[in-house]
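Predicted, not measured: the structure shown is a model, and the values here were computed from it. One-based numbering along the sequence shown.
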Amino acid sequence: MLVHRPRRLRRTAAIRNLIRETNLSRHDFVLPLFVSEKIERAKEIPSMPGVHQHGENEIASIAQRAHESGVQAVLLFGIPKSKDEQASGAHAENGVVQNAVRQIKKHAPDLTVITDVCLCEYTSHGHCGVVRLDGEHFQVLNDESVELIAKTAVSHAAAGADLVAPSDMMDGRIGAVRAALDQAGFDQTGIMSYAAKFASVFYGPFREAAESTPQFGDRRSYQMDPANGREAMREIELDLEEGADMIMIKPAMPYLDLIYQARQRFDVPLGAYQVSGEFSMIMAAARNGWIDCERAMMESLTSIRRAGADFMLTYFAKPAARLLG
């Protein structure tokens with residue numbers, strides 16, 4: 001005779017709900033938004049069905065509607081009209097992100113606005129920092145890039161951002177951003193660090209969305225090697241020592257083991273970014289009738305939460321929030 005019958009506790013939906021170990025809330029999600037100076041109306045991103053670039057005149061209403069659906073925070077990416085080698089548009093007072101932050105805070109003051117702080121969308125070459133070319137070889141200059149990144153973060157804080165999110169993976173950028181924010185009087189502006197950002201193939205659709213594909217080379221000299229887990233923990237530790245308030249791992253599902261390790265090791269708010277490639281794979285399979293989109297969405301988000309993430313940056317934020325009510 002069997003003494004242990006685990007299936008007893010799976011017998012009905014009510015019992016399953018009662019003993020569920022991992023629960024999602026609509027407050028767990030951050031919605032990435034793309035705002036562009038180059039368009040007036042929403043433009044769908046072909047590789048990301050249902051995701052759009054938005055014009056400056058509509059971004060506030062888009063953010064407001066997301067908030068009304070239950071989303072508590074948005075992450076802004078900007079697409080400028082023009083680019084240059086020094087990413088001057090990134091820290092412009094009236095830059096695309098700066099203007100978007102002001103509009104969103106005006107129309108949805110209770111929505112948490114996070115800004116992606118990077119240079120790749122603003123550089124003519126598409127890299128995340130200042131580049132020195134030597135014939136066919138190039139080098140992304142760390143300290144020169146950090147100066148511009150800190151300047152960009154201050155400009156976002158001045159526009160009203162609640163949190164700034166450096167995503168470049170330059171050494172020392174969190175300490176430089178914290179010092180610059182404090183010196184400028186923005187000691188209450190938080191830092192959500194892309195603490196462990198890997199050089200991943202799963203960013204492909206995002207580069208179309210943000211128009212930030214490198215014009216030469218790749219980003220493996222500054223984004224992390226996907227094979228390195230111990231190094232990821234070291235990167236997180238360094239960012240926390242430099243003043244990060246929150247940490248994030250990107251991508252999410254291929255790195256669930258590292259989300260779990262970080263949760264066990266660091267007692268700080270921990271996020272994970274379900275990136276464009278993860279989203280697009282689910283959408284493509286669903287559109288081909290191979291999987292159920294809603295179930296795949298919720299199962300994938302639950303797995304990230306179960307691994308230890310406190311919050312998730314995901315393009316599924318709005319439908320997931322609506323589903324959770």
| query | What class does the angle between the rings of F216 and H125 fall in, given that below 30° is parallel, 30 to 60° is tilted and above 60° is perpendicular? | reply |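 Ring orientation of F216 relative to H125: tilted.
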| field | Parallel, tilted or perpendicular: ring planes of F206 versus F77, cut at 30 and 60 degrees | value |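 F206 vs F77 ring planes: perpendicular.
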Looking only at the side chains, is there a donor atom on one of [X] and [Y] sitting less than 3.5 Å from an acceptor on the other?
X    : Y    : result
Y222 : D171 : no
N23  : R20  : no
S124 : Q215 : no
S212 : E121 : no
T152 : H91  : no

| field | Trace of the ring-ring contact (aromatic ring centres under 6.0 Å, His included) decision for H127 with F138 | value | CA-CA 11 Å; H127 280 283; F138 76 97; 4.7 Å; yes
Flag if over 12 foreign heavy atoms under 6.0 Å of [atom1], [X]:
X    : atom1 : answer
E44  : CD    : yes
E231 : CD    : yes
R16  : CZ    : yes
D267 : CG    : no

| Can D162 and K105 be counted as an ion pair, charged N to O under 4.0 angstrom? |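 Salt bridge present between D162 and K105.
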| request: Assert yes or no for the condition that the ring centre distance of Y203 to Y273 is strictly below 6.0 Å. | output: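 No - the distance between ring centres of Y203 and Y273 does not fall below the 6.0 Å cut-off.
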| field | Working for side-chain contact (heavy atoms from CB on, under 4.5 Å), residues I259 and I304 | value | CA-CA 8 Å; I259 296 170; I304 300 166; 4.2 Å; yes
| request: Could you state whether I114 and V71 fall into the same hydrophobic cluster, counting links through intermediate Ile, Leu, Val, Met, Phe, Trp or Tyr residues with side-chain heavy atoms under 4.5 angstrom apart? | output: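 No; tracing contacts between hydrophobic side chains, which count when under 4.5 Å, never links both residues.
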| query | Is it the case that one hydrophobic cluster holds both V97 and V117, taking links as side-chain heavy atoms less than 4.5 Å apart, direct or via other members? | reply |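 Each belongs to a different hydrophobic cluster.
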